[in-house]
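To start, the structure under review is shown below, and the notes come after it.
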Amino acid sequence: MSRDPFVQLISRLFLRLGTPAVYITQAGVSLDVRVIAKAPDAVQDFGQTHLVVDTQRFELMASEVKQPRDGDRLVLGGTRYVLHGEPLIDRERLVWTVSASIWPED
């Protein structure tokens with residue numbers, strides 16, 4: 001484990017609060033990861049109307065997923081998600097925040 005206190009803190013946080021999941025790249029590579037799931041409501045503008053919609057966001061450790069991409073997939077507790085949009089990384093470059101939607105059945 002790294003001696004950097006921020007890296008140690010993030011690792012412990014994900015170990016305690018994270019949930020095991022499988023991250024699947026578009027190339028088909030599967031990674032066992034821990035994620036912190038968030039589902040905040042978001043306000044979306046549609047013309048002059050404002051709608052409150054459910055969102056699915058996940059935090060991933062950058063040490064486990066080097067570069068998440070639009071179209072990658074995540075399996076969490078039997079539910080499958082597909083990532084969309086641009087992933088965001090924190091200032092210390094330790095945690096990615098990704099948006100996702102439920103992966104439609106094939």
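In what follows, residues are counted from 1 in the order of the sequence shown. Here the structure is a predicted model, which means the values were calculated and not measured.
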Does any non-hydrogen side-chain atom of V7 lie less than 4.5 Å from one of S11?
yes
What's the spacing between R57 CZ and I36 CD1 if we round to 0.5 Å?
15.0 Å
Partners passing salt bridge (Lys or Arg N to Asp or Glu O under 4.0 Å) against E59 (at least two apart in sequence or in another chain)
K38
Before giving the answer on side chain to side chain contact (heavy atoms under 4.5 Å, CB included), spell out for F14 and V33 the whole-Å C-alpha distance, their side-chain angles and the decisive distance to 0.1 Å.
CA-CA 10 Å; F14 273 81; V33 298; over 6 Å; no
Examine I89 and I10 and state if one hydrophobic cluster contains both, with Ile, Leu, Val, Met, Phe, Trp and Tyr joined whenever side-chain heavy atoms are less than 4.5 Å apart.
no
For residues 14-37, the side-chain hydrogen bond (donor to acceptor under 3.5 Å, both in side chains) pairs (sequence neighbours left out) are Y23-D72
Indicate, with yes or no, if V35 and M61 share a hydrophobic cluster defined by side-chain heavy-atom contacts under 4.5 Å among Ile, Leu, Val, Met, Phe, Trp and Tyr.
no
Which heavy atom of A21 sits nearest to which heavy atom of L76, and what is that distance?
CB-CD1, 3.9 Å
Which pair of non-hydrogen atoms, one from P68 and one from P87, has the smallest distance, and what is that distance?
O-CG, 3.3 Å
Any E64 side-chain heavy atom under 4.5 Å of L31 side chain
no
Hey, any chance V95 and L17 share a hydrophobic cluster, counting ILVMFWY side chains that come within less than 4.5 Å of each other, even indirectly?
yes
Contacts satisfying side-chain hydrogen bond (donor to acceptor under 3.5 Å, both in side chains) that involve residues 85-101 (not counting sequence neighbours) are none
Spell out, yes or no, whether V82 and V98 are grouped together once hydrophobic residues are joined by side-chain heavy atoms under 4.5 Å, including indirect joins.
no
Among the clusters formed by ILVMFWY side chains lying less than 4.5 Å apart, do F6 and L15 turn up in the same one?
no
When clusters are formed from ILVMFWY side-chain contacts under 4.5 Å, directly or step by step, what else is grouped with I24?
V22, V75
Residues in ring pair (Phe, Tyr, Trp, His ring centres under 6.0 Å) with Y81, at least two apart?
F58
